[in-house]
J.: 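Mind having a look at this structure? Questions to follow.
All values below come from the heavy atoms of this structure, side chains included, with hydrogens, waters and symmetry mates left out. Fair warning: this is a prediction, and the values are worked out from it, not measured in the lab.
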2 protein chains.
Amino acid sequence: MANKQGKLIGSVQRALDILDVFNARNPELGTTEIAGAIHLPKSTVAGLIYTLEVNGYLEQNPENRKYRLGYKLAERAGLFLNQYDLRRVAAPHLLALRDACNESVNLALRRGSDMVYIERMHGTNTLGFRSEIGKRERVHSTALGKAYLAFLPQPEILDFVAHHDFEPLTQNTITDAELFLADLACVRERGYAIDDQENELGGRCVAAPLLNFDGRPVAAISISVPLQRMPDTRVAELGELVRRTAAKISRRLGLPHENVG
Amino acid sequence: MANKQGKLIGSVQRALDILDVFNARNPELGTTEIAGAIHLPKSTVAGLIYTLEVNGYLEQNPENRKYRLGYKLAERAGLFLNQYDLRRVAAPHLLALRDACNESVNLALRRGSDMVYIERMHGTNTLGFRSEIGKRERVHSTALGKAYLAFLPQPEILDFVAHHDFEPLTQNTITDAELFLADLACVRERGYAIDDQENELGGRCVAAPLLNFDGRPVAAISISVPLQRMPDTRVAELGELVRRTAAKISRRLGLPHENVG
DNA sequence: GGTTTTGTTCGATATTATCGAACACGATTT
DNA sequence: AAATCGTGTTCGATAATATCGAACAAAACC
């Protein structure tokens, strides 16, 4: 993004690559597997793994000698999340919103081409409890992303569509720049964004942006509902609800200094 | 704590040191401040910071050019937390426990000399939210830690007291090894541990361990209450409650393979 | 507008991470 | 039980590469 001509530190980059190898399908990996995944000799990754392990970013399962992500990540992540007053301000309103519709509600920041969840509350029926905080989804395929984007200054919007890869995630994903801009215009007009299975089949969402004193979006909130419980009539109803809730939170956001994220 | 003769990779260690410089009191730091904190030249940390930033572990506040922890930590932490079936199994019981006493309830793993929170639910009055997941507290000064420790095999307990630094956190913290062992015996007898302002003034906790099929502790749960709402009579009441809840969860923990943490 | 603090650039130096082969350990198989 | 397979670990030589300090540039401050 910037013209900052920085130099990457090789071994640090490789260490971070190791952390990225882990995912939901591969929560535990051995040294050889990790070495294979990042195309480095075993002995090299051994040292990197050891350093990460000593610092708590990896931990070894004594039963199978494999490694998994460590507690230190949770510790540091807690600090990351607490930086955002936003979360504290929004929490009671999200709770009320959740209770009003009894569906999952979300709060997310934009980070580049992704929206990152920083708070999530599920309806009473769904007892998933998976901490999906930190999860990322694309800007262009989510109601969250479209709500955020729609209220940016026009030049930034155009810059986004010019440089963004509109990867189709379902057959409903908007991949055409013109159509996307038209959709954003609709979002502005009606005050909330709609995702009709554009990010995931069987899922519908409505979302609205949180604006600071300047009118600039700093985050977005959404309600996500399985298709079965989300007929067209309810889309408008929940859309209005999320829009009003977002407006209420925005009014509380007299952020004088930072938190613009 | 092993005799594994590993070699630390210097630059990786320094990069991780940078992440550790951030804390609640210093959520944002500039290059010079970071360099001062870890005693390295600015130009060296610049490269490390850049590498961390590119990977999302740090982000720069455009308003003051300072750095703060990045979203990538939350993303990776989500994966860490999801590794523990424990959380999913315990969640409904914790919820019930929370509703039964309307106080904050916690689930924590032991990591070395600390207990690490992996789930936390607050009473309806306290609106604090998930923020404190990942937080660490000492084993010897918390009900969580004492509950966990008390049910370990005796040799491991002795090993712990032999090598642990019983740092006093309040005037109530047990710092004498003999007294500590005596307290653990009480814990075993009554089935739950008590922390009477040993970790923090004004806070009382009761806790009980979660045991796997083997009878080995894998985690602990607790109820933490402000002193004002926790007279001696209620200690016994909530203690029994947390003990019974822990027993219920333990019964569900037929862990055949791992998750021993 | 001048001054101070802060962040960035640059190239020479020597530290230090890398590599591959050989070793040791455990698990699984026959 | 023996043997095999795969895995993780050790080791020293090599060359790559992170480090450093000073000089530069750029904000922030007054």
J.: For L144(B), does its backbone N or O pair with a side-chain atom of S222(B) as donor and acceptor, under 3.5 Å?
T.: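 Not at all, since once roles are kept as given, no pair shorter than 3.5 Å links the two residues.
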J.: Mind calculating the distance between OH (Y50(A)) and P (dT16(C)) to the nearest angstrom?
T.: 17 Å
J.: Roughly, in whole Å, what's the span from CG in L48(A) to P in dT17(D)?
T.: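 Between P of dT17(D) and CG of L48(A): 13 Å.
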J.: Return the 5'-most residue of the pair G10(B), A46(A) with respect to DNA chain D, ranking by each residue's nearest nucleotide.
T.: A46(A)
J.: Could I get the full list of side-chain contact (heavy atoms from CB on, under 4.5 Å) partners for E167(B), not counting sequence neighbours?
T.: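 Counting only residues at least two positions away or on another chain, E167(B) forms a side-chain contact (heavy atoms from CB on, under 4.5 Å) with R138(B), H140(B), D165(B), L169(B).
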J.: Could you tell me which residues satisfy side-chain contact (heavy atoms from CB on, under 4.5 Å) with R65(B), sequence neighbours excluded, listed by chain and number?
T.: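 Counting only residues at least two positions away or on another chain, R65(B) forms a side-chain contact (heavy atoms from CB on, under 4.5 Å) with Q60(B).
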J.: Among all residues two or more places apart in sequence or in another chain, which pass the side-chain contact (heavy atoms from CB on, under 4.5 Å) test with I157(B)?
T.: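 I157(B) satisfies side-chain contact (heavy atoms from CB on, under 4.5 Å) with L152(B), Q154(B), L181(B), L184(B), R188(B) once adjacent residues are dropped.
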J.: Are any of R14(B)'s side-chain N or O atoms less than 4.0 Å away from OP1 or OP2 of dA18(D)?
T.: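 Answer is no, no contact under 4.0 Å.
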J.: Round to a whole Å and report the spacing from CD1 of I9(A) to C1' of dT8(C).
T.: 14 Å
J.: Considering residues at least two apart in sequence or located in another chain, which fulfil the side chain to side chain donor-acceptor pair (under 3.5 Å) criterion with S11(A)?
T.: S11(B)
J.: Send over the distance from L40(A) CG to dT17(D) C1', rounded to a whole Å.
T.: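 Between C1' of dT17(D) and CG of L40(A): 15 Å.
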J.: Excluding sequence neighbours, so at least two apart, what forms salt bridge (Lys or Arg N to Asp or Glu O under 4.0 Å) with E137(B)?
T.: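 Per chain and number, E137(B) pairs via salt bridge (Lys or Arg N to Asp or Glu O under 4.0 Å) with K135(B).
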J.: Under 4.0 Å, heavy atom to any atom of DNA chain D: which of residues 30-39 of chain B qualify?
T.: none
J.: To the nearest Å, give me how far apart CD (Q13(A)) and C1' (dA17(C)) are.
T.: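 That distance rounds to 15 Å.
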J.: Closer than 3.5 angstrom, by distance alone: can the side chain of R110(B) be matched with the main-chain N or O of G112(B) as a donor-acceptor pair?
T.: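 Indeed, once roles are kept as given, a pair shorter than 3.5 Å links the two residues.
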J.: Starting at atom CD of Q60(A), determine the distance to atom P of dT7(D), rounded to an integer number of angstrom.
T.: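 Checked: the CD to P distance equals 15 Å.
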J.: Taking atom C1' of dT5(C) as reference, at what distance in whole Å does atom CG of L29(B) sit?
T.: 16 Å
J.: How large an angle, rounded to 10°, do the end axes of the helix from dG1(C)-dC30(D) to dT30(C)-dA1(D) enclose when each is built from five base pairs?
T.: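 One end axis against the other gives 60°.
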J.: Reading nucleotides 21-30 of chain D 5' to 3', which nucleotides get B (base under 4.0 Å from a protein heavy atom), which S (sugar-phosphate only), which -?
T.: B---------
J.: Test of understanding: with side chain to side chain donor-acceptor pair (under 3.5 Å), list the residues that count as partners of Y71(A), not counting sequence neighbours.
T.: R136(B)
J.: Could you list all the side chain to side chain donor-acceptor pair (under 3.5 Å) pairs where at least one residue sits in residues 30-46 of chain A, not counting sequence neighbours?
T.: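 Applying side chain to side chain donor-acceptor pair (under 3.5 Å) to every pair that reaches into residues 30-46 of chain A, excluding sequence neighbours, yields E33(A)-K66(A).
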J.: What integer distance in Å separates K66(A):NZ from dG26(C):P?
T.: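 Rounded to the whole Å, the gap is 17 Å.
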J.: Sequence neighbours excluded, which residues qualify as side chain to side chain donor-acceptor pair (under 3.5 Å) partners of T245(B)?
T.: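 Listed in chain order: nothing, the list is empty.
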J.: Could you work out, with side-chain contact (heavy atoms from CB on, under 4.5 Å) as the rule, every residue matching D17(B), not counting sequence neighbours?
T.: Q13(B), I38(B)
